[in-house]
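All figures in this text were calculated on a predicted structure; none of them were measured in a lab.
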Amino acid sequence: MTKVYLDSQSSTPVLPEVYEAMLPWFSQYYGNASAMHEQGLRARAALDQARKQFSEAIQSSDPEGVIFTSCGTEANNLAVKGSAYALQHKGRHIIISTAEHPSVENSVAFLERHGFSATRVPVNSEGFIDPADIQAAITPETILIATHYANHDIGTIQPVAQIGTIAQEHKVQYFIDATFSAGWLPINVEEMNASLVSISPHRFYGPKGVGVLHKNRKARINGIIHGGIQENNRRSGTENIPAIVGGGLAMELAETEREKRASRVKALQEKLWKGLSESISYIQLNGPRPGESRHPANLNVSTEFIEGEGQLLLCNAAGIAVASGSSCVSKNLKSSPTLTAIGLHITLAQGNIIFSLGKDNTFEQIEYVVTSFTKIVERLRQMSPMWEDFQKGNISSVIAGKEK
Amino acid sequence: MTKVYLDSQSSTPVLPEVYEAMLPWFSQYYGNASAMHEQGLRARAALDQARKQFSEAIQSSDPEGVIFTSCGTEANNLAVKGSAYALQHKGRHIIISTAEHPSVENSVAFLERHGFSATRVPVNSEGFIDPADIQAAITPETILIATHYANHDIGTIQPVAQIGTIAQEHKVQYFIDATFSAGWLPINVEEMNASLVSISPHRFYGPKGVGVLHKNRKARINGIIHGGIQENNRRSGTENIPAIVGGGLAMELAETEREKRASRVKALQEKLWKGLSESISYIQLNGPRPGESRHPANLNVSTEFIEGEGQLLLCNAAGIAVASGSSCVSKNLKSSPTLTAIGLHITLAQGNIIFSLGKDNTFEQIEYVVTSFTKIVERLRQMSPMWEDFQKGNISSVIAGKEK
Amino acid sequence: MAEEYNPYNPIVMDHFLNPRNMGDLEDADGIGEVGAAACGDIMKISLKISDDGRISDARFKTFGCGSAIASSSMATELVKGKTIEEALKVTNKNVVDALGGLPPVKIHCSVLAEEAIKAALEDYLKRHPEKAAMVATNSHSA
Amino acid sequence: MAEEYNPYNPIVMDHFLNPRNMGDLEDADGIGEVGAAACGDIMKISLKISDDGRISDARFKTFGCGSAIASSSMATELVKGKTIEEALKVTNKNVVDALGGLPPVKIHCSVLAEEAIKAALEDYLKRHPEKAAMVATNSHSA
Ligand SMILES: Cc1ncc(COP(=O)(O)O)c(C=O)c1O
Ligand SMILES: Cc1ncc(COP(=O)(O)O)c(C=O)c1O
């Protein structure tokens with residue numbers, strides 16, 4: 001059976017080279033990096049090597065700024081809560097957007113229950129933050145600005161360098177959630193004025209079980225997982241050496257191949273959208289058009305008159321792996337906060353599908369997906385009482401209404 | 001060169017079977033467990049399988065009580081802070097001992113900075129908690145009792161079932177830090193009245209990158225890493241599937257072989273202590289004598305008139321891997337809080353060495369270690385001005401003083 | 001292998017992938033539509049009912065998730081051949097049981113199916129008040 | 001392979017594993033002991049000083065970590081052959097540099113070595129007040 005994996009945004013296979021690099025670290029080199037003996041010191045050297053690989057990939061001159069966590073979510077929690085706890089003597093106000101990943105949004109919501117306050121700047125219908133809104137939200141109490149680099153639902157690339165400049169002018173710490181961007185989009189922590197940047201290697205052919213938070217020398221954070229003195233007291237707990245080794249190599253390779261990979265997935269993205277929009281009626285793209293301002297791996301569409309889970313299941317039955325709503329939380333099938341933030345009509349949010357492309361997808365696969373998905377939409381519409389009502393003229397199309 | 005690994009407490013090699021079981025989950029089955037497609041659903045099934053393996057090993061009838069974290073430290077943070085946040089409406093008082101692992105102690109210290117209070121019950125000179133002290137410390141405000149099962153520094157096995165009974169009588173949530181015990185000592189969550197139990201698979205031949213917190217149906221905790229709805233909202237972030245699969249199998253195998261492994265390391269432990277105490281003068285055992293009340297894998301000794309790091313380095317030069325102070329924090333060589341808690345004389349705390357035994361150590365290795373360590377102690381004493389002073393009668397021996 | 005990894009059990013998957021009685025009925029005797037797009041599910045059930053008060057045919061159309069589609073499919077199967085009185089007694093639990101179970105978060109789909117059947121029957125009874133009286137009598141005497 | 005994985009650089013490791021001038025001197029002309037067991041380090045340095053004010057021999061004994069031992073070893077090497085005046089100018093930085101660097105948390109070991117040397121020299125000068133005057137004059141004129 002044909003199998004097409006179009007959910008690279010939720011996870012990717014570990015590269016063969018990365019896999020090979022990890023293998024010795026399970027049963028042969030198994031020391032705890034805190035230990036003072038050959039096994040432990042070897043592990044410590046491996047950590048240092050990975051710190052270099054990560055810091056170089058984001059143009060940082062400070063490998064010591066790399067803090068290893070267990071995943072992107074934890075890195076984001078550390079950035080948000082760690083900043084809040086470290087800077088609460090200066091103020092207790094945080095600025096984010098309405099379209100952050102739940103790991104940022106829910107960390108901020110947690111802090112709000114513990115005496116902090118937050119301003120959520122809006123995004124427009126394509127998901128863009130207006131840097132002027134950030135500027136306007138800054139108060140003398142503001143200690144942190146946190147925004148994503150590329151949106152995990154609709155691929156919108158934010159003007160992070162502009163926001164960084166504003167943050168610097170106001171001497172406010174700036175955290176960029178680059179969990180969906182690192183490995184795919186260029187990152188330069190200096191130029192972006194990023195005090196903190198998070199990275200998630202399993203999005204670019206590295207392993208699960210490792211996340212990274214990079215902190216520049218001026219940024220202040222407190223650890224949020226307390227215990228031993230690992231990661232210079234910024235993250236306690238025995239380090240996951242194999243995943244860190246694999247993650248570091250995946251980062252290095254992703255950076256080397258970044259432009260090649262990005263231009264390939266962008267071509268696939270364009271072909272996919274062209275195919276879908278030509279063969280399916282009442283379908284719309286969410287987020288910016290493919291191009292400079294959209295993550296090349298993400299295609300988010302809404303197909304009117306049908307619901308998301310049925311599409312996922314029929315795609316799966318056709319061997320096609322896709323996501324719906326939020327790529328990270330499709331299990332609960334509640335529509336994603338981003339879709340609400342861009343003001344997407346509720347029925348379009350429910351019919352939402354995210355195709356996310358990977359470096360190994362082919363043009364033939366895209367053709368197969370277009371053909372299959374067209375049939376799936378037809379089939380579900382045949383079953384849908386809404387489609388029937390629309391055909392009979394009882395209800396009108398949200399998408400057609402907008403196009404007029 | 002002879003290589004003897006006597007630091008199993010800080011980490012162990014992954015078993016061949018466990019390694020094999022993990023391999024397909026990197027590049028072949030790489031789905032995100034939240035995804036609704038074959039790759040994702042396969043990962044979800046693997047999580048469920050591991051939940052069964054962990055819950056069965058601790059005699060729990062509720063696999064849904066298993067929450068996956070990234071390490072033992074995080075599981076302990078979740079248990080302590082998660083309980084505190086979930087139960088703060090009932091009270092804000094926590095009871096621990098003075099000899100907890102830093103992951104528990106520092107989590108409690110964090111909560112103390114945020115409006116909670118704590119009572120630290122003492123331990124005696126062998127490291128035992130008196131359950132009566134726990135009982136006496138309970139107030140109407142008490143929401144959590146947290147103690148270790150076996151001490152990570154000196155191997156003391158606590159009367160956890162007695163403490164559990166007291167906790168139940170007072171309807172207080174009880175968390176057992178079994179990070180150093182699971183896989184080596186029997187655990188029965190029901191009999192122990194353990195509301196929460198933490199497990200760290202890399203201590204029993206499973207991989208790094210996974211920890212477990214088991215929660216019984218009545219226990220209440222809030223998540224501390226916020227984000228998506230993974231682990232039923234109790235731990236957000238993409239699950240580390242390979243490590244969870246490996247950890248589950250390692251747990252199952254550890255439970256099957258537990259008695260065999262434990263009796264083997266106990267024999268090695270006894271032989272090691274017999275050898276060291278017979279061939280080295282002014283050496284003392286810290287914690288209970290090998291037997292029912294001591295973890296079979298741990299041997300903690302203090303050698304008078306010399307300091308710990310030198311011993312570690314010379315052991316390493318002789319191919320012997322050991323730890324000092326606290327097994328988890330030997331990097332900073334501050335003497336461990338446990339050693340302070342048992343009232344160990346400061347110079348004995350500084351000369352502290354932890355030998356921790358593993359299932360693959362041999363009797364020949366123990367002989368080699370006794371011979372080598374004896375020479376190392378002699379060599380460092382030759383260098384030590386304290387030894388010279390002692391020989392000249394200028395100072396007296398703390399150990400000899402006690403023995404009299 | 002794909003069969004092994006599904007969010008629903010094989011019966012539910014079968015009713016989702018091969019729905020029974022999907023579509024409309026020309027000249028339906030009773031039609032029930034429940035739910036709302038904003039809530040994620042709309043179910044429409046059409047019934048053909050013979051003069052002796054037996055459901056001779058049933059069809060569904062559904063906007064909703066896999067278990068909503070499977071629940072509608074199963075519900076139409078369950079009521080086919082039943083009398084109005086019997087069909088009125090079909091509960092969401094019957095639908096869930098016939099499907100071999102649904103995940104807890106999806107039980108509402110079976111409730112919707114029960115409601116759609118009831119709505120279709122009520123529509124029929126509204127159009128046929130003489131039968132309504134009979135049904136009422138029967139169920140009282142039952 | 002073992003050599004590759006050490007907490008210290010090869011010079012420090014060499015001075016730790018093969019310490020130079022370990023031991024005592026019979027009839028030492030100056031002895032300095034600094035540090036305390038409670039702080040984790042004690043260093044004792046013994047010097048033999050010839051009549052022309054040159055350090056002809058030096059020995060150390062140390063209770064302490066690897067870098068404490070290496071620092072004492074290196075310090076004795078550095079002062080051997082030096083005049084009292086020269087030896088008094090040996091700083092902890094000289095020790096660190098000669099060792100090719102120490103980890104930041106271990107710099108205090110080199111400080112202790114400097115202090116032990118100074119203490120031994122002071123002990124000598126206390127026993128030989130005539131030399132003390134000369135040293136004072138020389139260093140003033142320097
Ligand atoms: C923008 C963004 N932030 C954070 C995360 C969470 O990362 P992880 O799944 O590694 O925990 C995601 C995952 O989708 C994401 O896309
Ligand atoms: C009793 C105890 N608790 C917690 C921990 C921390 O576990 P991990 O190293 O998996 O983070 C340790 C590690 O030594 C331990 O021994």
Side-chain angles (χ1 to χ4, degrees), chain A residues 5 7 10-14 16 19 22 26-28 30-32 34-40 70-74 76-77 101-103 106-107 109-110 114 202 207-209 225-229 236-243 309 312-313 315-316 321-324 326 328-332, chain B residues 5 7 10-14 16 19 22 26-28 30-32 34-40 70-74 76-77 101-103 106-107 109-110 114 202 207-209 224-229 236-243 309 312-313 315-316 321-324 328-332:
Chain A
Y5 187 75
D7 194 17
S10 92
S11 211
T12 52
V14 169
Y19 177 77
M22 292 173 70
F26 293 104
S27 306
Q28 192 182 351
Y30 49 82
N32 189 312
S34 298
M36 199 178 280
H37 49 62
E38 189 189 338
Q39 279 279 2
S70 62
C71 58
T73 293
E74 190 197 327
N76 288 359
N77 273 252
H101 186 266
S103 51
N106 294 347
S107 291
F110 168 83
H114 289 86
H202 74 94
K208 299 176 183 66
I225 303 284
H226 300 94
I229 58 157
S236 303
T238 297
E239 292 94 343
N240 185 0
I241 310 292
E309 192 196 271
L312 287 188
L313 292 174
C315 281
N316 189 39
V322 294
S324 173
S326 169
C328 288
V329 295
S330 70
K331 202 158 86 177
N332 76 347
Chain B
Y5 187 75
D7 195 17
S10 92
S11 211
T12 52
V14 169
Y19 177 77
M22 292 172 70
F26 292 104
S27 306
Q28 191 180 354
Y30 47 83
N32 188 313
S34 298
M36 198 179 281
H37 49 60
E38 188 188 338
Q39 279 280 2
S70 63
C71 58
T73 293
E74 190 198 327
N76 288 358
N77 274 253
H101 186 267
S103 51
N106 294 348
S107 290
F110 168 83
H114 289 86
H202 74 94
K208 299 179 183 65
I224 60 168
I225 303 285
H226 300 95
I229 58 158
S236 303
T238 297
E239 292 94 342
N240 185 358
I241 309 292
E309 193 195 270
L312 287 188
L313 292 174
C315 281
N316 189 39
V322 294
S324 173
C328 287
V329 296
S330 71
K331 201 157 85 175
N332 75 346

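Aromatic pair A:H202/B:Y30: ring centres not closer than 6.0 Å.
Residue contact with chain A, scored on non-hydrogen atoms closer than 4.5 Å, is absent for B:A243. Proximity to chain A (any heavy atom under 4.5 Å) is restricted, for B:Q39, to the side chain, taken from C-beta onward. If you measure heavy-atom distances from A:N77 to chain B, the contacts under 4.5 Å come from the side chain alone. Heavy atoms closer than 4.5 Å to chain A are found in the side chain of B:Y19, but not in its backbone. Both the backbone and the side chain of B:N240 come within less than 4.5 Å of a heavy atom of chain A.
Listed options B:T73, B:N76, B:T12 were ranked by heavy-atom pairs under 4.5 angstrom with chain A; first place goes to B:T73. Between chain A and the options B:H37, B:H226, B:Q28, heavy-atom pairs under 4.5 Å are most frequent for B:H226.
Nearest approach of B:C71 to A:T238, heavy atoms of both residues: CB-O, 4.3 Å. Nearest heavy-atom pair, A:I225 versus B:I225, reported as atom, atom and distance to 0.1 Å: CD1-CD1, 4.0 Å. In plain terms, the two heavy atoms of A:A35 and B:D7 that are nearest each other are CB-OD2, 3.5 Å. When all heavy atoms of A:S70 and B:E74 are compared, the pair lying nearest together is OG-OE1, 4.3 Å. Minimum interatomic distance between A:S27 and B:P13 (heavy atoms only, all atoms of both residues): O-CB, 3.6 Å.
A:I241 is listed as a side-chain neighbour of B:K208, based on a closest heavy-atom distance under 4.5 Å.
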How far apart are the C-alpha atoms of A:L313 and B:M36, what are their side-chain angles, what is the distance that settles it, and do they pass the side chain to side chain contact (heavy atoms under 4.5 Å, CB included) test?
-> CA-CA 7 Å; A:L313 292 174; B:M36 198 179 281; 4.0 Å; yes
